[in-house]
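Nothing here was measured: the structure is a model prediction, and the numbers come from that model. Starting from 1, each residue takes its place in the sequence as its number.
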Amino acid sequence: MTFFPSPELLVIPAYRNKGYDFTITSSTAYDQAWSFGRTIFSNISRIVDEMFNNYLSRPNVRQPILTQFCDGKNVTCPNWMSQWGSKYLGDQGYSAIEILRYYYGSNMYINSAEEISGIPASWPGTNLSIGSTGSKVRQMQEQLAVISRSYPAIPAIAADGIYGERTREAVEAFQRVFDLPVTGVVDFATWYKISQIYVGVSRIAELV
C-alpha cells in the first residue's frame with residue numbers, strides 16, 4: 001500500500017456521507033490519502049513492500065507509536081518530523097532509525113512484526129530459491145498450486161518442500177503474470193504477492 005497526497009481529496013464530506021466517522025484531508029499536517037490506480041514511483045512501491053510489516057516502539061510502552069510529519073515547506077509543525085527535513089538528514093547519511101531518533105528521541109526502535117493479520121504465513125526471513133527446502137517452501141508451493149487453477153499460465157507443481165526447477169518455473173511464471181521482476185527467487189515482495197493472490201482466489205472459490 002502506497003500513500004501520497006491526492007488534491008481531489010482536500011475537501012471530503014464523502015466519507016461521512018457514506019457512514020464513516022472520519023474525514024481524510026490529505027494535508028500532511030493530519031493525514032495522507034491513497035488513490036487506487038494513480039501513478040506511483042516504482043522505487044517507492046518497492047520500499048513500501050519491504051517495510052510494511054515494520055512498526056515503531058519505545059521500551060515499556062505497549063501500544064504502537066504514532067509518528068506524524070509535515071512537509072516542512074507548505075505546512076510546518078514544531079517538534080514533528082518533516083518530509084523535507086528528513087530528506088536533508090538522509091542526504092547527510094542518516095539512517096532511517098537515526099532520522100526517527102533525531103525527531104523523537106534516542107529510545108525509539110524499529111521492529112518487524114512476526115505475523116501479519118490476513119496472511120497465511122509470514123515471510124521466512126530469507127529468500128527461497130533453488131536448493132531451499134522445508135515447511136516454508138511447502139507453504140509457498142501449496143499456495144502457488146491453488147493460484148495456478150485460476151491462472152493457467154502458472155504451471156501446477158507438487159508441494160514437496162523442495163525448491164527445484166519446476167518450482168522455479170512456476171515462480172517465474174507467477175512473477176511474469178503479476179509484473180514482478182522475473183528472477184525465479186521468492187523474495188519478500190514475491191512471497192507476499194503470492195499470499196495476497198492466494199487469499200483472493202481462495203475466497204472466490206469459497207463463494208462459488
Side-chain angles (χ1 to χ4, degrees), residues 1-3 34 36 40-67 95-98 100 107-208:
M1 184 178 295
T2 303
F3 291 85
W34 175 73
F36 180 77
I40 60 173
F41 292 106
S42 60
N43 61 329
I44 299 299
S45 180
R46 175 181 53 78
I47 291 169
V48 170
D49 286 343
E50 291 177 357
M51 63 179 292
F52 81 98
N53 62 328
N54 291 349
Y55 64 95
L56 303 179
S57 69
R58 295 186 191 275
N60 303 315
V61 177
R62 293 179 61 87
Q63 68 269 27
I65 301 297
L66 169 67
T67 58
S95 66
I97 189 61
E98 288 172 336
L100 287 165
N107 64 342
M108 183 71 78
Y109 294 88
I110 300 176
N111 301 306
S112 295
E114 295 182 3
E115 296 184 9
I116 301 169
S117 178
I119 298 297
S122 296
W123 186 58
T126 56
N127 294 345
L128 302 179
S129 58
I130 293 288
S132 298
T133 60
S135 60
K136 290 293 186 179
V137 174
R138 182 177 294 104
Q139 290 170 350
M140 178 269 296
Q141 290 171 324
E142 290 171 346
Q143 292 175 26
L144 272 182
V146 172
I147 293 170
S148 68
R149 298 171 195 162
S150 300
Y151 294 88
I154 301 172
I157 55 175
D160 58 7
I162 301 172
Y163 202 119
E165 286 295 331
R166 187 67 174 170
T167 298
R168 181 187 60 77
E169 292 172 3
V171 169
E172 288 181 347
F174 176 89
Q175 292 171 328
R176 194 172 295 112
V177 169
F178 292 100
D179 297 321
L180 295 168
V182 180
T183 62
V185 174
V186 179
D187 56 7
F188 186 97
T190 300
W191 176 276
Y192 282 112
K193 191 65 175 181
I194 290 173
S195 295
Q196 175 193 349
I197 302 303
Y198 169 76
V199 169
V201 299
S202 298
R203 288 175 177 171
I204 290 173
E206 291 172 359
L207 296 174
V208 176

Can you tell if the side chain of [X] reaches within under 4.5 Å of the side chain of [Y], non-hydrogen atoms only?
X    : Y    : answer
Y109 : L100 : no
N111 : N54  : no
K193 : Q196 : yes
L180 : F174 : yes
I162 : V137 : no
L144 : V171 : yes
M140 : Y163 : yes
I147 : I194 : yes

- Contacts satisfying side-chain hydrogen bond (donor to acceptor under 3.5 Å, both in side chains) that involve residues 146-162 (not counting sequence neighbours) are Q141-D160
- Message: Go through it in stages, so that I can follow the logic: the residues are R168 and E172, the test is salt bridge (charged side-chain N to carboxylate O under 4.0 Å, His left out), and I'd like the CA-CA distance, side-chain angles, deciding distance and then a yes or no.
- Response: CA-CA 6 Å; R168 181 187 60 77; E172 288 181 347; 2.8 Å; yes
- Item | Sidechain-backbone polar pair: Q143 side chain, W191 backbone, donor-acceptor under 3.5 Å | no
- Task: For E169, check salt bridge (charged side-chain N to carboxylate O under 4.0 Å, His left out) against everything at least two apart and list the hits.
- Result: R166
- Task: Heavy atoms only: give me the nearest P155-A173 pair and the separation to one decimal.
- Result: CD-CB, 3.8 Å
- Message: Ignoring hydrogens, what is the shortest heavy-atom contact between N127 and F188? Give both atom names and the distance.
- Response: OD1-N, 4.2 Å
- Query: OG of S95 to CD1 of I110: how many Å apart, nearest 0.5 Å?
  - Reply: 7.5 Å
